[in-house]
2 protein chains.
Amino acid sequence: MTTVADATVTEVFFDFLCPFAWRGVELADVLRRERGLSFRLRHFSLVQGNHPENPDRKAPTWWLHEQPQGEGGAHQQASLRSFLAAGAAAEQGEEAGWAFTLALFRARFERKAELDEQTVQDAVRVAGLDPERFATDLADEQARRDALAGDLRASSALGVFGTPTFVLPDGNAAYLRFSQLVREAGQAEQLWNLYTEVLHSGAGIETIKRPR
Amino acid sequence: MTTVADATVTEVFFDFLCPFAWRGVELADVLRRERGLSFRLRHFSLVQGNHPENPDRKAPTWWLHEQPQGEGGAHQQASLRSFLAAGAAAEQGEEAGWAFTLALFRARFERKAELDEQTVQDAVRVAGLDPERFATDLADEQARRDALAGDLRASSALGVFGTPTFVLPDGNAAYLRFSQLVREAGQAEQLWNLYTEVLHSGAGIETIKRPR
């Protein structure tokens, strides 16, 4: 599977399990709606990345998209369910994909819902999707797993270790962890400019990380 | 041992084993000489931080300053020797401390010297120290170990995990890893402004980290 990188699109790798990824996707959504930037939503699995059978995250042997539904721990089941559902939602178009992703993230982190079947159905409704089409696309399980596999392969090739990780059109990439939800366009732009300035600094900044 | 934080001084925690710490100390040196900023050199031990007997880096049980000289692995011996020597150099004044620290770092990372007795003596000479006074201060081993203990306790309380870690006068702190040596004042100022802007961002940035 070869993907030709789009020279104007920033990719954002995220996992529905992660509150920092939620803030990152909200940031991307503000920037695309209010500043005309382009982002592509892509999935990275923290359960896969941290799995004991994957000591080398760039060469996993345990893949989330190969796991049966309803098996494994709660995080594994919730993330597989969410990724497959988000893939089904995206079949209704790019805006539908964003609406579903944001609805599911907000259910999880604003309303503390579990990522279960009911929460997925609620997100389908909140996002304004066609529920019958969603059910049909979700039932096409091989297509959903293939799409997830593409994201998981891309993220492991890149060495993604946490979410959100943004990949700029020029190939620069970094995990960005921040604690305050940013929904105001000016603040979003400020944060984004700072982040990209770090990635483009002539000093070759690799990491800025607070001790915890 | 209580240290009152100086409201104008940035602390830089470093280990002589680490090339990123070398670049961080060079950066601090440019900023203090050419931009009038104040930095205090402080020691953090990577060997201690990564020691298997210290699973919680904020509550170490294995301390480098308690180890006998000449025991342990090559990294342990080199770092203990370097820290004690740097402490002896600093007894000749703040400028002497900087000159020795930079001389030892440059010997290690520009000339690929080992951090052995000969390299320490070469750094004493390059730094223009009084060699007899240096020998006398180095022989006061309890004082040297006590000073090292103060730095190691401060760094573990802060949760320092890598070097260089800067602690701003306002208490904000972060590891800063960059790959390009910065010795030009304008570039140093640009990097420093970017780093402090990240630490003061209203978004509460905790981490920016490239995948490797």
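Numbered from 1 within each chain, the chains take letters A, B, ... in sequence-line order. Everything numeric here is computed off the predicted structure, so don't read it as measured data.
Put simply, of B:Gln180, B:Arg57, B:Lys209, the one with the most heavy-atom pairs under 4.5 Å next to chain A is B:Lys209. Taking chain A as the reference chain and counting heavy-atom pairs below 4.5 Å, the highest number among B:Ser179, B:Gly159, B:Ser201 is found for B:Ser179.
By the ring-ring contact (aromatic ring centres under 6.0 Å, His included) test, B:Phe178 is found to be paired with no residue, residues two or more places apart in sequence or in another chain being considered. B:Arg125 is linked by a salt bridge (Lys or Arg N to Asp or Glu O under 4.0 Å) to B:Asp122, counting only residues two or more places apart in sequence or in another chain.
Proximity of B:Arg212 to A:Phe161: side-chain heavy atoms (C-beta onward) are nowhere separated by under 4.5 Å. Counting heavy atoms from C-beta outward, B:Leu194 and A:Ile208 have side chains that stay 4.5 Å or more apart.
Residue A:Leu181: no heavy atom, backbone or side chain, is found under 4.5 Å from chain B. For A:Leu191, the part lying near chain B is the side chain, with the backbone staying farther off; criterion is any non-hydrogen pair under 4.5 Å. For A:Gln187, no part sits under 4.5 Å from any heavy atom of chain B, backbone or side chain. In this structure, the portion of A:Val182 lying under 4.5 Å from any heavy atom of chain B is its side chain and not its backbone.
At distances below 3.5 Å, at least one donor-acceptor pair connects side-chain atoms of A:Arg210 with backbone N or O atoms of B:Ile205.
Closest heavy-atom contact between A:Ala174 and B:Pro211: CA-CD, 3.9 Å.
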